[in-house]
Amino acid sequence: MAPGFPLAPGATIGILGGGQLGRMLALAAARLGFDVVILTPELDAPASRVARETLIAPFDDPDGLARLADLCDVITYEFENVPAAAVERLKALGAPVAPSGLALAVAQDRVAEKTFLNEAGVRTVAFAQVDSGEDALEAAAHIGVPSLMKTRREGYDGKGQKWVEHAADAADVFASLGSVPCILEAPAEFVRELSVIAARGQDGELAIYPLGENHHEGGILRRTVAPAPASPDLADQAERIAAQILTRLDYVGVIGIELFELADGRLLANEIAPRVHNTGHWTQDGCEVCQFEQHIRAVAGWPLGPTDARAHVEMLNLLGDEAEAWAKLAAEPETRLHLYGKREAKPGRKMGHINRLSGL
Ligand code: AMP
C-alpha cells in the first residue's frame with residue numbers, strides 16, 4: 001500500500017473529466033465520505049454540479065493541474081483521451097494518480113493496445129499498423145478483405161472507422177480517414193458482443209463482475225443485458241482475460257474490457273477502457289457494490305466489494321430526447337432511472353440510462 005493509503009473519509013479525490021461517468025463517480029465518492037474536485041474545460045459539466053469544486057481548465061493546463069495536485073489526495077480520470085502528459089505532470093508534482101499513465105497510453109492507441117493484449121496472452125483479431133497509402137495496400141494484402149480500417153487514436157462510438165471491401169481500395173479508405181495513423185483489423189466473426197468490468201485494488205486484489213451482453217445501434221451502445229447467459233468456460237475465459245490485463249498493467253481501479261464471442265466459444269478482446277464503462281452501468285442496481293463505488297474504493301486503497309449479481313438487469317441508454325419520458329419511466333416499479341443533468345438533448349447524446357430489474 002502506498003504511503004498515506006487507505007485514504008480516510010474526508011480526503012479529496014480529483015477527477016479529470018466532468019461527464020456523466022465523473023458525475024456517477026463523484027456521487028459514489030460522496031457516499032463514502034470523500035470530497036471530489038473536478039478538472040474539466042467544460043463550463044457547467046454534469047459532474048461539476050455534484051462535486052465540491054470544479055477547476056475549469058484544459059487538461060494540459062499547468063496551473064490547473066498544479067491546483068488539482070495541491071487540492072487532492074489521489075487523482076483519477078473518467079475519460080481515456082486525457083493527455084498522457086497531464087498524468088506525468090501530476091505525478092511529477094507528487095500527486096498519486098490511478099490508474100497509471102501506462103494504462104492510458106495503451107488504451108489511447110489501438111496498435112499499442114492490441115500489441116499489449118497479445119503480449120499479455122490475450123487473443124485479438126489479426127491486425128496491421130497503417131501509416132501510409134502503401135502500408136494500407138500491403139496490410140490489405142496481408143490481412144485480407146473485408147477488413148476494418150480504424151484510426152489509431154480518438155475513435156469512439158464507431159467513429160473513425162471504415163470497412164475495406166476491395167484490397168485495391170485500401171489506400172483510398174486510409175485517405176478518407178484523414179491519412180492519420182491507422183490500424184487494419186481482420187473481421188471478428190462474432191456471435192455476441194460481451195464485456196467484462198473488473199477492478200484491481202492497491203494490494204493486487206481482483207474483483208470481476210459477471211459478463212454483460214451488449215447491443216449497439218449506429219455505433220452507440222443501446223442496451224446491456226447482465227449477467228449475460230454464459231457457460232462456466234466462457235465465464236472462466238473472461239475472468240482469465242481480465243486478470244491477465246489488470247495484473248500486467250499493475251492496474252488500480254475499474255477497467256472495461258470489450259470482447260467478441262466467436263461461434264466456437266472463444267473470446268477475443270476488442271478494446272480496453274481504463275475507466276468505469278457504459279456497459280457496467282447495470283452494476284448500479286444489479287450488484288451490492290457498483291462499478292463507481294468499486295473504482296473509488298480501489299483508488300482510495302480500500303478493500304474491494306462483492307461483485308455478485310443480485311438481479312437480472314437490462315440497461316438501456318436514454319439518447320437524445322428519450323430522457324423526456326422520465327415521468328413514465330419513473331412510474332415503472334421495475335425501472336431505476338439515472339439522469340445526467342445535461343442541459344441540452346442533442347440526437348444520439350447520452351442523457352441518462354435506465355436499469356430494468358427482474359429476479360435472478
Ligand atoms: P470499437 O470502436 O473498436 O469499439 O468498434 C465499434 C464496433 O465496431 C464494435 O462494437 C463492433 O461492433 C464493431 N467492430 C469493431 N472491430 C471489429 C472487427 N475487427 N470486426 C468486426 N466488427 C468490429
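Every heavy atom of this structure was used, including side-chain atoms; hydrogens, water molecules and symmetry mates were not. Read the numbers this way: they start at 1 and go in the same order the structure lists the ligands and their atoms.
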Quiz item: Which option, Glu185, Lys150, His216, owns the non-hydrogen atom nearest atom 15 (C) of ligand 1?
Solution: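 Checking each option, the heavy atom nearest atom 15 (C) of ligand 1 is found in Lys150.
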Hey, which atoms in ligand 1 end up nearer than 4.0 Å to a heavy atom of [X]?
X	answer
Gln161	1 (P), 2 (O), 5 (O), 6 (C), 8 (O)
Arg110	1 (P), 2 (O), 3 (O)
Phe260	11 (C), 14 (N), 15 (C), 16 (N), 17 (C), 23 (C)
Glu193	9 (C), 10 (O), 11 (C), 12 (O)
Pro187	20 (N)
Glu258	4 (O)
Ala188	18 (C), 19 (N), 20 (N), 21 (C)

Exercise. Compute the ring centroids of Phe59 and Tyr77, then answer whether they are less than 6.0 Å apart.
Key: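 Ring centroids of Phe59 and Tyr77 are no less than 6.0 Å from each other.
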Quiz item: Between Phe292 and His281, does the ring centroid distance fall short of 6.0 Å?
Solution: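 Centroid distance Phe292-His281: below 6.0 Å, so yes.
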Self-check item: Positive for side chain to side chain donor-acceptor pair (under 3.5 Å) with Asn278, one of Asn317, Thr224, Asn214
Solution: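 Considering Asn317, Thr224, Asn214, a side chain to side chain donor-acceptor pair (under 3.5 Å) with Asn278 is found only for Asn317.
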Quiz item: Hey, which of Leu39, Val37, Ile38 is the one that makes side chain to side chain contact (heavy atoms under 4.5 Å, CB included) with Ile15?
Solution: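 With Ile15 as partner, Leu39, Val37, Ile38 yield a single side chain to side chain contact (heavy atoms under 4.5 Å, CB included), made by Ile38.
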Self-check item: Residues Glu78 and Arg23 bridged, charged N to O under 4.0 Å
Solution: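 No, no charged N to carboxylate O under 4.0 Å.
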Self-check item: Phe190 N/O to ligand 1 N/O under 3.5 Å
Solution: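 Checking ligand 1 against Phe190, no N or O pair falls under 3.5 Å apart.
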Practice problem: Please confirm whether Val125 comes within less than 3.5 Å of ligand 1 when only nitrogen or oxygen atoms on both sides are compared. | Solution: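 Val125 vs ligand 1: no N/O contact under 3.5 Å.
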Measuring from non-hydrogen atoms of [X] to any atom of ligand 1, is the shortest distance under 4.0 Å?
X	answer
Phe127	no
Gly160	no
Gly219	no

Quiz item: Just wondering, are more than 12 heavy atoms of other shown residues or ligands nearer than 6.0 Å to NE2 in His166?
Solution: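 Incorrect, the count does not exceed 12.
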Quiz item: With under 30° as parallel and over 60° as perpendicular, where do the rings of Phe260 and Phe190 fit, or are they tilted in between?
Solution: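 Answer is parallel, since the angle falls under 30°.
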Practice problem: May I ask you to test the Asp35-Glu53 pair for a side-chain heavy-atom distance under 4.5 Å? | Solution: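 When only atoms from C-beta onward are counted, Glu53 and Asp35 do not touch, as no gap falls below 4.5 Å.
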Exercise. Please name all residues satisfying side chain to side chain donor-acceptor pair (under 3.5 Å) with Arg266, sequence neighbours left out, ordered by chain then number.
Key: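 Asp264.
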Quiz item: Which one holds for Asn214 and ligand 1: side chain close, backbone close, both close, or neither close, with close meaning a heavy atom under 4.0 Å?
Solution: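 Under 4.0 Å from ligand 1, Asn214 contributes no heavy atoms.
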